Amino acid sequence: MKYLNPLSICCLAFFLTPGASAGSRQLLWQTNAYGNDVHIIDIETRKVVKHLVVGPQPHGIAASDDGSVVFIAIENFKSPTGELVMIDPRTYEITHRMEIGPKPNQLACTPDGRFVYVPCNDGHYWVIDARKKKVVTKIKTGGRPHNTKCSRDGKLMYLSPMGSPKRVTIVDVEAGHKVVGEIPYSNSVRPPALAPDGKRHYQNIDGLIGFEVSDTATRKVIARIEHQIPKGYAGKKSRCHGLAIRPDQKEIWSCNVEHRTVHVHSLTDEAFPEIAAVSMIGRVYWLCFSPDSKLAFVAVRSNRKVCVVDAQTKEVLGHIEVGDNPKRNLVVTVKDDA
Amino acid sequence: MLPGCKIPHSPPAASTQGSKLYHVACAACHQPDGKGLEGIAPPLADSAWVDAPDEILIRIVLHGVRGPLDAKGQAYNLEMPAMGFFTDEEVAAVLNYIRERWSVSPKAIQAEKVRHIRTKKRADSWTLEELGWRP
């Protein structure tokens, strides 16, 4: 297994190009969960190209596949209601803001950007029709609705509420947002990941430094994977928060918060062996990839930084300064000629 | 007023403001009854933490706290968000509210104390070791 030192990396030049096609730009959107802003970074130059004020405590982020709309959930701890903000990433214009349930967190949208599922702190996922800008329905899960995943074909939503439910609720989007099943996990569910082919669902869960894997067809957990505790952290409590599948579906990466490590497991072997661990400079909380699987972007919340990792060699390429407690992030491909 | 009737006390300003802030900002996790919820937040009701030294409570609200942590004999390993966006008066009000509700002998926290602790800048949440206090 490969351990890489974060200190050896800062001076490395950035060689990789993320492979955006002509007429399109790939931008990393980093929300700052305790700030009121997002940093938008061109992943080719790794420079902040825009600093956008969106509202108090921006938490969750999602975007339509065509890069025409970005949705941000505004948690606003001081207010009894949250907000859903819609932004045109081509112009950075806030095109709409609507009041929704309290303290919304990590939302998901269908790939066409039509429906947005927003987890709110009233025990419900609020379903928003982004075209009509209306609440369509609310789905009760109990617990503290917190994370959400949509299947690539836009048909199913996987709802991961924190707390006592200890299960993921599956909703059929096209069947009128009907609950069609659930996947019980062995503890409270935290950040999830969903295979692009929809066959496997992965969950960080409370009490496990690792993740569980379920089969979406049988809706059963098929594996419980523990990360190897990094050197120097034996006996130190931690938890995992942040799980992402490299777009080529070969690896899953998981953020081990207090051990300041991102663990990489193979997805080409159903024993899901750990194949690398990348040391980080602080407490890590979320990550995402460039669509070509070349780069990973890890939010280091304790250090106001995003760490850029070569997703193939696992080498840390550098850090980008962002805002207060960066958590959720996402690469959005914007077509300028659209 | 009829003889023998008690003149109702109007609650101190901090308490009204504190109650409002509690229900908007804290009850989301600690619940309106303060009993907490599994996997979300520990209880404040009957928790020895409400009688922790003023500085400890102020730090928890200003910067957040993360586990492992014990409350009412139960272990938690979660993370409470920082709420440094509250003014000094608001932090004092909400903490006075939780003490009035759940402390056996509530002592008032002054906004001045919050102001003082806020000057010691901190970017990350507290751990139990760093706080140096446990119930």
Side-chain angles (χ1 to χ4, degrees), chain A residues 33-36 56-57 59 75-82 101-105 120-123 142-146 160-167 185 187-190 205-209 235-241 257-258 282-283 285 300-305 323-327, chain B residues 17-32 35-43 60-70 74-91 93-94 97 118 121-131 134:
Chain A
Y34 294 174
N36 61 359
Q57 292 96 45
H59 199 106
E75 196 166 14
N76 198 353
F77 267 103
K78 257 183 144 169
S79 164
T81 53
K103 324 242 164 0
N105 289 127
C120 294
N121 206 73
D122 57 359
R144 183 170 174 232
H146 209 78
S160 301
M162 288 170 67
S164 56
K166 299 183 183 171
R167 62 173 176 255
Y185 279 91
N187 208 337
S188 300
V189 291
R190 304 303 304 267
I205 58 167
D206 278 347
L208 174 65
I209 302 177
K236 181 173 168 58
K237 289 244 187 214
S238 186
R239 59 206 174 87
C240 283
H241 193 289
V257 182
E258 302 297 335
R283 302 198 304 122
Y285 227 64
V300 192
R301 64 175 286 191
S302 55
N303 298 55
R304 301 174 71 103
K305 285 193 167 65
D324 196 352
N325 272 265
K327 293 187 185 173
Chain B
Q17 186 193 15
S19 163
K20 209 172 134 218
L21 291 172
Y22 179 82
H23 287 96
V24 168
C26 319
C29 299
H30 293 283
Q31 304 304 299
K35 289 187 177 153
L37 263 188
E38 184 195 358
I40 294 173
I60 288 178
V61 174
L62 287 180
H63 310 119
V65 63
R66 62 186 196 271
L69 167 154
D70 273 24
Q74 177 89 33
Y76 294 84
N77 190 19
L78 300 163
E79 182 150 3
M80 170 172 152
M83 306 217 174
F85 48 78
F86 282 134
T87 63
D88 301 331
E89 287 70 25
E90 287 170 334
V91 173
V94 77
Y97 173 79
R118 198 193 286 273
K121 292 241 180 300
R122 189 181 167 91
D124 207 1
S125 57
W126 294 92
T127 63
L128 210 58
E129 294 76 51
E130 292 169 330
L131 281 176
R134 59 185 68 227

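Numbers restart at 1 for each chain; the letters A, B, ... are given by sequence-line order, proteins then strands. Predicted model, so just to flag it, every value in this text is computed and none were measured.
- When each of A/Q57, A/R283, A/R301 is checked for heavy-atom pairs under 4.5 Å with chain B, A/R283 comes out on top.
- Contact annotation for A/N303: neither backbone nor side-chain heavy atoms come within less than 4.5 Å of a heavy atom of chain B.
- Atom-to-atom distance recorded for B/R66:CZ and A/S238:OG is 9.5 Å, nearest 0.5 angstrom.
- Pairing each heavy atom of B/I40 with each of A/G143, the nearest pair is CD1-C, 4.0 Å.
- Among all heavy-atom pairs drawn from A/S188 and B/G39, the shortest one is OG-CA, 4.2 Å.
- At least one donor-acceptor pair closer than 3.5 Å links the side chain of A/N121 to the backbone N or O of B/A28.
- Between the CD atom of A/E258 and the OG1 atom of B/T127 there is a distance of 8.0 Å, given to the nearest 0.5 Å.
- Between chain B and the options A/R304, A/K166, A/H241, heavy-atom pairs under 4.5 Å are most frequent for A/K166.
- Of residues 74-82 of chain B, those residues lying under 4.5 Å from chain A by any heavy-atom pair are B/N77, B/L78, B/E79, B/M80, B/P81, B/A82.
- In terms of heavy-atom pairs under 4.5 angstrom with chain B, the leader among A/G163, A/P80, A/S79 is A/G163.
- Here A/R144 is the residue among A/R144, A/R190, A/H146 with the most heavy-atom pairs under 4.5 Å with chain B.
- Rounded to the nearest 0.5 Å, atoms NZ (A/K78) and CG (B/L21) are 7.5 Å apart.
- Atoms OG and OH, from B/S125 and A/Y34 in turn, are 6.5 Å apart once rounded to the nearest 0.5 Å.
- Note that CD of B/E38 and CG of A/N187 are 7.0 Å apart. Values are rounded to the nearest 0.5 Å.
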